Structure formats: structure tokens, C-alpha cells
Amino acid sequence: MPVKTYRDALNETLHAEMERDAKIIILGEDVAGGAGGTGVEEAAGGIFGVTTGLYKKFGKDRVIDTPISESAIIGAAAGAALAGYRPVAELMFADFIGVSMDQLYNQIAKFRYMFGGKTKTPVVVRMPTGAGMNMGAQHSQTIYPIVTSVPGLKVVIPSNAADAKGLLTTAIRDDDPVVFFEHKALYPRKAEVPDGDYAIPFGEAALVREGEDVTVVALARMVVFAEKAIDKLAEEGITCDLIDPRTTSPLDLDTILESLESTGRLVLVDESTPRCSVASDIAGMVASEGFELLKAPIKMVTAPHAPVPFARGLERAYVPSPAGIEAAIREVMAS
Amino acid sequence: MPVKTYRDALNETLHAEMERDAKIIILGEDVAGGAGGTGVEEAAGGIFGVTTGLYKKFGKDRVIDTPISESAIIGAAAGAALAGYRPVAELMFADFIGVSMDQLYNQIAKFRYMFGGKTKTPVVVRMPTGAGMNMGAQHSQTIYPIVTSVPGLKVVIPSNAADAKGLLTTAIRDDDPVVFFEHKALYPRKAEVPDGDYAIPFGEAALVREGEDVTVVALARMVVFAEKAIDKLAEEGITCDLIDPRTTSPLDLDTILESLESTGRLVLVDESTPRCSVASDIAGMVASEGFELLKAPIKMVTAPHAPVPFARGLERAYVPSPAGIEAAIREVMAS
Amino acid sequence: MTMPLPADRLLKAYRVMKTIREFEERLHVEIATGAIPGFTHLYSGQEAIAAGICMHLDDDDYIVSTHRGHGHCIAKGCDVTGMMLEIYGRADGLCKGKGGSMHIADFDKGMLGANAIVGGGPPIATGAAIATKLDGKGKVTASFGGDGSSNQGTVFEAMNLAVVLQLPTLFVFEDNGYGEHTGTDYAVGSKDIAGRAAGFGMPAKKVDGSDFFAVLGAAGELIQMARDGGGPSTLECTTTRFYGHFEGDPQRYRAKDEVANFRETHDCLKRFRAQVVDAGWLEASQLDALDAEVATDIDTAVSTAQAAPEPAVSELATDVYITY
Amino acid sequence: MTMPLPADRLLKAYRVMKTIREFEERLHVEIATGAIPGFTHLYSGQEAIAAGICMHLDDDDYIVSTHRGHGHCIAKGCDVTGMMLEIYGRADGLCKGKGGSMHIADFDKGMLGANAIVGGGPPIATGAAIATKLDGKGKVTASFGGDGSSNQGTVFEAMNLAVVLQLPTLFVFEDNGYGEHTGTDYAVGSKDIAGRAAGFGMPAKKVDGSDFFAVLGAAGELIQMARDGGGPSTLECTTTRFYGHFEGDPQRYRAKDEVANFRETHDCLKRFRAQVVDAGWLEASQLDALDAEVATDIDTAVSTAQAAPEPAVSELATDVYITY
Ligand SMILES: Cc1ncc(C[n+]2csc(CCOP(=O)(O)OP(=O)(O)O)c2C)c(N)n1
Ligand SMILES: Cc1ncc(C[n+]2csc(CCOP(=O)(O)OP(=O)(O)O)c2C)c(N)n1
Ligand SMILES: [Mg+2]
Ligand SMILES: [Mg+2]
């Protein structure tokens, strides 16, 4: 299989889906490279390059640069979906849900229910997320717990290039609204990506590592860190199941419970802050639906209850680390 | 002690605190009764009457009617706080965080941390919340889990008139930003309210009922429903601790764990939707920090993963009920 | 003055306005009985605006509406019984009783939804307009909002985006003097909503919203401009609401006789009747006949709604997603 | 033309502008070495705007700033070494290394914070203005923003609120031609930001932002009006940025020679020097002397920052709350 970056996998998926379905449109800030400049056309494909080449291929009617008006961007996606299109909107950073939240959680998420099932809302909102680049408190957040809490939204958080392609394909073809998180630190990471049409169903976790002793659940960049910790412990004969839920809504709880049947020990790794997080969400469900399977306290490895700091050392300490995950696994083994 | 409604307790607290501290200002939509009309001055004190009489007593400089501009309202509160005032802003309905979220979660919540501890942000944002009045999907939400997840914010959810007074007093005097939820269905409910200066510290749960068999944790209106269920079961000799955390951030986990030491059984009642909720948040913490205390699976009683429906019967079925809480308690007793 | 519309269209317009009026006046009565859940915002007094604008729209044109949306729904062709069922929270309502008064939508009629968030609609309208512009069939989207909504940031963003993308959108502002309790002149810094359009680069007109023909004329030009690819525009209509902000509103912020006076001086139905009869465009008897028909329609709607069942509790968590 | 400012004030203005320029030019070099975390937005080219406005403000007046905030900080009196330490993420930075380039604040100087959210500042500015209005000491708040920010709904809400409450606020829009990669003329529907102010009921002026004296004059009138209780106003300053949107931006959206030309034709420092020297208000030698001093200040700031320690990891979760 060809090896590609997470960024390229997303980009080729957008190209392929837009080829396939003329109803798909893209909108966001600088997604067409920045309209109205004095330089070359399509100077860039969004600031992370994910929409590169779309404007040249599909033109300005389908690849729409917008003003800095996030409520209008998400609202326009909502309206275009009600009117029969399949918009893929980009928030330049996930942190900007703050200035567009109403359209996401009061409008898009609720249309189908409020209107008695009489419409579908095939909107995808893509948003780069996560810390690791010293972008500071307002450009580094992992706010997927907030979105996961909203009924009506589906939430996707791919951890590698292949899943990025497979899940974005599914997201675009899904008739429900999907919030699609892309971890900034993963954009340059490479992996083997299946060619051709490749769609991964939502609500099916990936079993990234198989083991006996502990069940580790991690999302996005934390999967990479968990792999490091787990592979290191494997040398000592401590083996873990590593489960990447891939979508937090719907969430594949069954795969986690199945794994717990053999391990009985659970470590949850979540880059987001601890309160009302996906980590505590899964922990809560397990404590209620998988209680008998547990041999030891559930261990959660998350960021602290604090904004994301700027300084390099502080940010490094803020984000859960392979070492922290390793320690957590040892701890649940010991208890 | 005098008996007062939840609404009156809040109103008298605003009066008392504004008397005490000239730096306190109120701002929001119709909080002064609606400026610029052809009728009487201060026609109302906000649509739920909580700010009644403030405009007449403290005047338009300190009780400020605003346009329908929630981002500006919360942002103005943020700026006034940075400039030495103690604003108490009102969102007419908690659902409207959607159009003001950035100022709440990216600005107010983060100032102190981002600015290296060089400022305080004494803002209170009051917001009526909750279902029960058939106000539909965009006027009935309990979004406190979203706010609880945000580091830098404190979150208060009183369940009775006395706590409403004691906690609002503390909120106004606190130098950190506080999101203060008022459950719409509780406004007319009466309780004994201490006279004079009465401040309840944050992070101290109330033990509303004492029992042996099960620990029940409930918030806001759910406390009322849980009391019903518990008192009914008491007739059968099934007794419960009923814990009202009163603030979800900070959260008094210790009181819950202490109770579990004797009961070993936990039922969490939360009007909000289940994913990444305060119920799952507490369940997760207990499964990690109180695991050994648990004799049975944790049971969560929440709204379904759906928007709030309009029709009377549907909304009634949507909100956790005393019967549902009773059933949950019986279930954890049986397991 | 020559006949602005053929007789059948004039009758249609009157029927729409009268239906809205009867619908709302009847709700005012029924709500007082406690039979209707939630809180309801009546459109009485503003009928000529919804009617005058929607006369130019067909089922493939779109509108987005507000919390005060009954008039827009009726003018866009929603079935009054389906609406009444929804407002009563019944299983056969237009939204199966899950939406209610503030969330009525009817996609077959191009009615993309009332909205309980002030300023929630206009961004959605720009999206519908992006869609119809891509479709290239000359369809337009009308975005209804109030004077109060003209202070919500989302609305300005939508207006600017519509200009940037030259979208076929009409931004309608119904200035009924109040946003909830707060006066327009207090909350709108410029005291002139239409004047805001220029700041976003779009033309605007301002008309007396109690004059159906004034609304019809202004809307006609602006909508035609949009159909012809001329881009978005703004239409401000001054008007008044004959009832409170919501049913039950004591309205102490309004002068005692304010509404009584407006009912005298600014009743769009009285005015329309006088205009068409005096001009000899229609016979009073034709209008009287319509009044009777409309009364029956509303009776039917109400009695149907009263008798209809609520949604089954099994519907509680359906239609949250298509697949999950 | 008579001397618009006494000589010492002219020297102060030059020093501010030169300090900003040197600070940013030096950052441009240091960032390329990888020594500085995160991404940084330089103010080079826009100096006359921050300087011309802040010359009218003292420590008790407030400003709110943007992601491109270094110039505003320096003009408002922030210590350049404290700023440099912050930008390097050092423990002794103005925000203890927790904020970074986009979150510099200095409350002793009335600098209420840079802001990484476009449109985040103006609502905060209205609050600061509410406070100073209540204080009644004639203090004002200047809200800085870019052309791109003029399309963010929060900004319009703030402008309207400022008019409704007649707040002492100056809304500054620095039109440097681009919002990130997107051209102002594309994103601003009306292609005229100052023109938007009228829609909210406030006066506006538009000046050449590379002409210090033009900015100084316009800002002076508007700020005095605010101090005198005349309410808010808008000042649009056309300008250009000499570097990319952020450091590392390849700027393919800009014509090759665009910046080179602007450095020739729109360099506010060259222009100021020519103006004051030709008019005989200052000697070139006085400015040369300042250039040398400023260069040393920046050297000191950079060397101090390079040598300084990062915050201790124990600071990770401090200052989230005062009490918790
Ligand atoms: C974002 C938001 N803020 C506040 C409200 C509460 N609210 C509902 S209607 C209304 C007044 C709207 O005024 P206007 O736009 O003039 O419409 P009208 O009610 O006069 O038809 C308000 C404040 C809301 N629903 N949404
Ligand atoms: C709400 C929000 N949207 C988008 C961004 C990303 N962003 C940062 S700066 C910028 C451009 C701002 O343009 P302008 O206001 O003209 O300021 P300039 O960068 O030109 O100084 C954008 C889009 C952001 N930080 N916040
Ligand atoms: Mg109104
Ligand atoms: Mg710019």
C-alpha cells in the first residue's frame, strides 16, 4: 500500500469525493488559498494545506473562501445542507467553535429532531485540533468532549492517515452532521493508506495492539503515544490491548468491554482536560455497564484542569506523554 | 426562618450585594425591564423577574439593558472585570451560550492563566436552564457539563432557595469567573432562607438525606425528584444518602466517596444528556478514585441522547422522573 | 393607480393575511385556556409583511423564519392544520410534535424552519442561497428577522457573506418597535436598520409594513434583482405586534393605548380592504366570503388539533440521527 | 504647518515606532533560528497606527489588542524585555511564559491583552469602557483590530453596544490589505470598513496609516470626543504588513514586489523622519541617536530572553483560579 501523510490522505479524499458527488462544496477561511490577493491564484489550500488543489479543480463555486465569520460559515453549511447540498466546512482551528457554536449545537445538531425527521443535515465540519505546537491557550484545545456531548452530532477523531481517509469518506457520505477533528501534530505523519474507495464505518473501534494484561483506550495523537508506551512494556512481557475508538459519537463501547473481559484493567488516555471528558465518559459507562469486568480502578491519563500553556516545557508537561501512559499502565497492573 | 421562593432569594441577594459593593453591575437583555418602551419604567426585572427592583434602586448606570448581542454582553462583563468592576451578566437562557461561547470559554475562563496570574476576573454569568416548560429544543437545555469541562470557570447549580442565596452571594464575592445556573422550574419553589449575610462555600456538597443503602447524587431540579423517590423508598426501609454537589466545578468528590464507604452503591441523577455529562464525570472519578468502595455497578439516570422535545408527554418522558430514580435505586440494591 | 395584481392574486393575498390573523387571534384565545404547551409568539399586526414578500416566492424559493414564525409559515404555504397540530404538540403536527411553535418547518414548501435563536436564521439563509445560486434556476431565499435580531452578530456576518458571494438573499427586518421588552430606538444604535445594509455593500429599502402594497412593491424589486443575479438586499418593514412578546406578557413596557391605537391606524387587513374596495379592484362581498372560509379553516385546524393524539413516548429518541 | 507635538513628544513617537520596528525585525531573524516557540505575527509596517493612537493614551486608558499585538504593547508602554521574555516562553515574561506572543497583557499599563481570537477584543473593550465611564474620570478604551476582524459578528455587536451605551471607545481597524491570505476587498462586502460605523450610529474617520501625523490627528479628535462624553467612534487606517501573516508564511497570495514597493512608498518611519527633519522640527542626528539607543534596548531584550529560564513545570496548573 502507498505510504502517505495524514494531510495528503485527507486531501486526496476531498478530491475523490468532490469528483464523485457534485453536491459537495467546501467553505472556510483561505480554503481556496485566499481570494482577492495580488499574488498567484490558490496560493495555499487552507493554512494546513488540506484543501490544496480543490479550488483549481472544482472552481470558486464549489470551493468558497469566506470572510472571518465563523457563525456564517457554519450557518451557511447548515442552510446549504437543508437545500440539498453536502457542505464540508472548515474551522481553521477547533478552538473557534466559540464563535460558531450556536449553528453547530442549536441548529445543525437539532434540525432533524426538531423538524420531526423531515430533513437530513449532511454537513461535515472539519477542525484542526490539539496541542504540541506552542500555539497557546486559544489555538491548541481538544474540545471534542463538548461536541461529543451534543445529541445529533457525530464526532470523528482519526489517529492515522488510513483512518483519516476512511473516516472522512464516511463522514462526507453520511447524511447526519459530522464534526471531524484533525490533530495538527498528525498532519505530517505517514502511514500506509489503501488506494481507491475506502470507507470506515462509524462506531467501530480499531484494535491497534493486542495483549493480555491491560486495556488501553486512546484517541488521535494519544494513540501514537500509547503505542510507544505499550511497545516498551511489551519488552518486559506486559502486553496491552490498545483500542482507538476513532469516533466518540457513536462510541464503540462493546469492543472496550470485550477487551476488559480478558484484561479487567483499563487505562484511558485523552489529550483533553479531565472534567466531563471522553475519558471520564468512557470510565463512567464502563463503571455502569462493565463493572463486573473490572479487577482494578480505572486509570485516566489526561491533560490537567488548566488552559494550554505556551512555553515549550510547560506544553510538553501538559500533554499526556508516553512515560505518563506507561506509568499508568504499571499502576493498574500493580493494583 | 422566612420562607421565600428561589426567585426571591436570588433577587434579594442581588439587592444586598449591590448595596454592599458599588463595583457590582448588572447587564443583560431586559434586566432593567426593557429600555426605550412607551410604558412604565422597569416594566419587569428580566423575563424571569430575578433582577426586579434593581434598576429603580441602582439606576441605569449599574443595571444595564443591552441589545440582543450575547457576545457583547459576556465580553462587556469580561472587560468590566479586567477594569476593576464585578459584573453580573445574565444570559436570558443558558441555551444562548451558543452565541457567546467564545467570550466565556476562550476569554473569561483563560485570562488569569494566559496572563500569568496578573489579573482576576470576577464575572458572574447567570443563566436560566432546564426543561419542564415545553419551551422546546433551544430553550430547555442543561448545558452545565459543557461549562464544567472548561478550566478556569467555576460552575454553580443551586437546587433550593437557601442555596440559591448562599451560592449567589459567594459567586458574586468570588474573584474567579462563575457560571451560575438557575433552573427555570425551581424559580417559584419555596424554602426557608437564612436572613442576613449568608454565603455557602464552593466545593462543599449538601447532604440532603441520610441513609444506609445507596448514595444518590443529584443536581438542581433532580434533587427535588430524588427526594421524592428516596422518601418513598424510606417507607419500605430502603434508605439513601442524597448528596447535592451544588457546584460541579469545584466538585466535592470527598463527600461522595465518604458516603460510598458506608453504602457502596451509587446512583447519579443528571437532567443533562448522558455523553460527557456530570453524571459520567462523577462516575468516572469514582471508578478511578473510589473503585474499592463500590459493591455494585454505578447507575446513571439522565435524559436520553436527544434534543429536548416539545410535546408535553415527550418532555415529561425526557426528563428523569422520581419513578425512574426509584427504579434505579432498586436496581443498584438488587445488584 | 392600476391594479398591482390580478384579482385572483389579490384574493390570494387577502386570504393569506386573513388566515394569519385568524390563526393568531384564535391562538390567543386557546392559549389562555392552557391547552397549548410552551410559549408562543403571535404575528398579529405584521401580516402584510409575510404576505407581501411571499407573494413573490414559490415552493422552490426558500425562507428562514424566527420565533414569531406562524405568519411566515402560512404565507409560504404551510398547512394550517399541520401547523396547529404542531403548536398543540400532536403526533401529526408538521414536525411530529417535537418542534413546537418555534420550530415549524416544511421543506416541501421551502420553509426551512422557524428558529428560537435570535439571529439563528440569517446564516442558514446564506447557505440556502449558495445552494440555489449553484442550482442556477434563479431561486431566492428570504431571511426574516426582527428589529432586535438586527443587533445579533450572526446577522451581520450573514449579510456580509451574502454580499461577498453575491447571493440571492433578501434580508427582511420587521421592526415592530420592540425586541422582547426593549425598544428598537434604544437597542439599534443607528435607530435605522435599513441603513446598516450599506455598510455591508447591499442596497436597502424601508417601507410601512402595514401597507401590503408597499411591501409587495419593494419586495418585488429586490427579489427580482436577486433572481437576476443582482445579489442580496435588505428590506426593513416598520410594523407593530398586536399582542405581547409572547402570550402572557403583561406588556407594562407599552403605553396603555399603544396597541389599541395601532389596531385603528395600522391594521394591514383593514387597510388592504379599503384599498382594494375603494379602487374597485375587488368587491367587499368577495372578501366577506373569504373571511367565512378562513374562519372555517381555522375552526377545523383547532378542532382537529384538540382531538389529535400526542406523539407516542416511543418517539422520544427517534430522528436524532438517520443512522447511529 | 506648525509643530503638531513638542519636540520631546516627537522624539517619544519616533522612539516608539522605531522600537516596534526593531523589535519585529529582530524577531523575524530570531524566529528563523527556531529559538522561539509557536507562531508569531509581526507588526512591521503598521507602527504609525499604534504609535499615533497611543500617544493620546496614558496608563489609565485601556487598549485591547490582537494576535498582531506587539506594536500595540510597545506603544502602550510595555517593557520590551518583559515582552521578549514572554515571546520566548520564559518564566519572567510579562505573562510568566504561559501566554506567548498572542496573549501579552500588562495591566499596569492599561494593556488588557492581545487576543488570538479574531474579534475577541472589541466586546472586551466595551466592558472596559463601561468601567471607565462609571469611574467618570474621562478615560477611554481603544480597541485594535484588523480588516479581517471587521467581518466578525462579535465586532459589530460591540460597536452597536458602544453606541447604545455611549461608551468612550475608539474602534480602530488597521486595514493591511489582508486577513490571513484573503484580500480586504474580497472579504469586506462594502470594501469600506469606516463606512460600517454609520450603520451603528457612530462617526468614523479614515486615514493613511503610514502617516503618523494623519493618525495622530484623527485619533486625537476622536479620543477627545470620547473623553468629553461624545461616545464611540471608528478609525480606519490603511496600511500594510512588511512580513507574512505569520512568520513562515510563503505569501504566494502577494505579488512579488508588493512588499518591496510598500517599503519604499509606505514606510512610516522613513516618512516621519523626512517630515520632521524637512520641517525642521527635529535634527536627523537626534533620530540617529535614538536609533542607536533602540538597537541596544532590543539587543538587551533578546540576549536577556535567550539566557532566561523557562517556567518551572510546577507552574503548569497554577493561576487557573485564585481559589479552587
Ligand atoms: C440569541 C437569543 N437571544 C435572546 C433570545 C430571547 N428572545 C427571544 S425573542 C427576543 C426578541 C426578539 O426581538 P425581535 O428580533 O425584534 O423580534 P420580535 O420578537 O419583535 O418579533 C428575545 C430577546 C433568543 N431567543 N435568542
Ligand atoms: C475567530 C477566529 N477566526 C480565525 C482566526 C485565524 N486567524 C488569525 S489572524 C487571522 C486574520 C486576521 O486578519 P486581520 O483582522 O486583517 O488582522 P491581520 O492579521 O491582518 O493583522 C485569521 C483568519 C482566529 N484567530 N480567530
Ligand atoms: Mg421586534
Ligand atoms: Mg489584515
Side-chain angles (χ1 to χ4, degrees), chain A residues 28-47 49 60 65-73 75 92-93 95-100 102 131-140 273-274 303-319, chain D residues 36-39 67 86-91 93 95-103 115-120 146 148-154 177-189 245-246 249-256 258 310-313 315-320 324:
Chain A
E29 293 155 14
D30 301 329
V31 291
T38 54
V40 303
E41 261 208 323
E42 199 190 32
I47 68 158
K60 73 177 194 350
D65 264 336
T66 69
I68 305 168
S69 308
E70 283 76 9
S71 294
I73 293 167
M92 197 181 276
F93 288 82
D95 310 67
F96 307 158
I97 61 160
V99 284
S100 54
D102 183 72
M133 295 148 117
N134 311 104
M135 287 184 169
Q138 295 173 339
H139 278 65
S140 306
T273 51
H305 185 64
V308 182
F310 170 71
R312 282 189 172 126
L314 284 184
E315 196 198 45
R316 221 176 295 111
Y318 181 91
V319 176
Chain D
I36 293 172
F39 66 156
H67 57 285
E86 187 59 34
I87 291 163
Y88 270 81
R90 305 309 196 201
C95 301
K96 297 191 186 163
K98 286 177 167 178
S101 166
M102 293 197 288
H103 302 294
N115 207 307
I117 299 299
V118 170
S149 77
S150 79
N151 302 313
Q152 183 65 258
T154 56
Y178 298 93
E180 202 124 310
H181 300 2
T182 302
T184 305
D185 289 349
Y186 173 82
V188 177
H245 171 63
F246 52 85
D249 172 4
Q251 298 189 74
R252 300 183 57 248
Y253 54 89
R254 291 180 101 171
K256 290 234 167 343
E258 182 176 305
E310 281 206 9
V313 169
E315 289 293 312
L316 183 57
T318 60
D319 291 328
V320 180
Y324 195 69

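What you see is a predicted model, and the numbers here were worked out from it, not measured in a lab. The sequence lines fix the lettering, A, B, ..., with proteins before strands; numbering per chain opens at 1.
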**OP:** Starting at CZ of D/F246, measure out to CD1 of A/I47 and round the result to the nearest 0.5 Å.
**Re:** 5.5 Å
Original post:
Checking heavy atoms, do the side chain of D/V313, its backbone, both or neither come under 4.5 Å from chain A?
Top reply: both
Subject >> Geometric class of the D/F39/A/H139 ring pair [parallel <30°, tilted 30-60°, perpendicular >60°] >> reply: perpendicular
Original post:
Is chain A contacted by the side chain of D/E258, its backbone, both, or neither, given a heavy-atom distance below 4.5 Å?
Top reply: side chain
Subject >> Note, A/L314 side chain near D/K98 side chain (heavy atom, < 4.5 Å) >> reply: yes
**OP:** With a 4.5 Å cut-off on heavy-atom pairs, point out which of A/G136, A/G37, A/S140, A/A35 contacts chain D the most.
**Re:** A/A35
**OP:** Determine the option with the most heavy-atom pairs under 4.5 angstrom with chain A, choosing from D/P311, D/P250, D/A312.
**Re:** D/P311
Subject >> Smallest separation among heavy atoms of A/A311 and D/G89, with atom names >> reply: CB-O, 3.4 Å
Original post:
Judged by atom type as modelled, is there a donor-acceptor pair below 3.5 Å linking the side chain of D/Y186 to the main-chain atoms of A/D65?
Top reply: yes
Original post:
With only heavy atoms counted, which part of A/S69 is less than 4.5 Å from chain D, the side chain, the backbone, both or neither?
Top reply: both
Original post:
Taking all atoms of both residues into account, what is the closest heavy-atom pair of D/V320 and A/A306, and its distance?
Top reply: CG2-CB, 3.5 Å
Subject >> Heavy-atom pair count under 4.5 Å with chain A, highest-scoring of D/D319, D/N115, D/T318 >> reply: D/N115
Subject >> Option in A/A72, A/G33, A/A137 with maximal non-hydrogen atom pairs under 4.5 Å from chain D >> reply: A/G33
Subject >> Nearest-0.5 Å distance, CZ of residue A/F310 to CD of residue D/E86 >> reply: 7.0 Å
Subject >> D/A91 portion near chain A, given a 4.5 angstrom heavy-atom threshold >> reply: neither
Subject >> Heavy-atom side-chain contact between A/E42 and D/R252 under 4.5 Å >> reply: no
**OP:** Please state whether the side chain, the backbone, both or neither of A/M133 comes within less than 4.5 Å of a heavy atom of chain D.
**Re:** backbone
Original post:
What are the two closest non-hydrogen atoms of A/I68 and D/G179, and how far apart are they?
Top reply: CD1-CA, 4.5 Å
Subject >> Heavy-atom pairs under 4.5 Å with chain A, option from D/V188, D/T184, D/T182 with the top count >> reply: D/T182
Original post:
Can you tell which of A/G36, A/A43, A/P309, A/P67 has the highest number of heavy-atom pairs within less than 4.5 Å of chain D?
Top reply: A/A43
Original post:
If you count heavy-atom pairs under 4.5 Å with chain A, which of D/A317, D/A187, D/A116 comes out on top?
Top reply: D/A116
**OP:** Evaluate the side-chain proximity of D/Y178 to A/T38: yes if any heavy-atom separation is below 4.5 Å, no if none is.
**Re:** yes
**OP:** Mind ranking D/K256, D/E180, D/K96, D/M102 by heavy-atom pairs under 4.5 Å with chain A and telling me who comes out on top?
**Re:** D/E180
**OP:** Pick one of side chain, backbone, both or neither for D/D249, based on which atoms fall under 4.5 Å of a heavy atom in chain A.
**Re:** neither
**OP:** Answer with side chain, backbone, both or neither: which region of A/E315 has an atom nearer than 4.5 Å to a non-hydrogen atom of chain D?
**Re:** neither
Subject >> Pairs of heavy atoms under 4.5 Å with chain A: top-ranked of D/G189, D/G99, D/G153 >> reply: D/G99
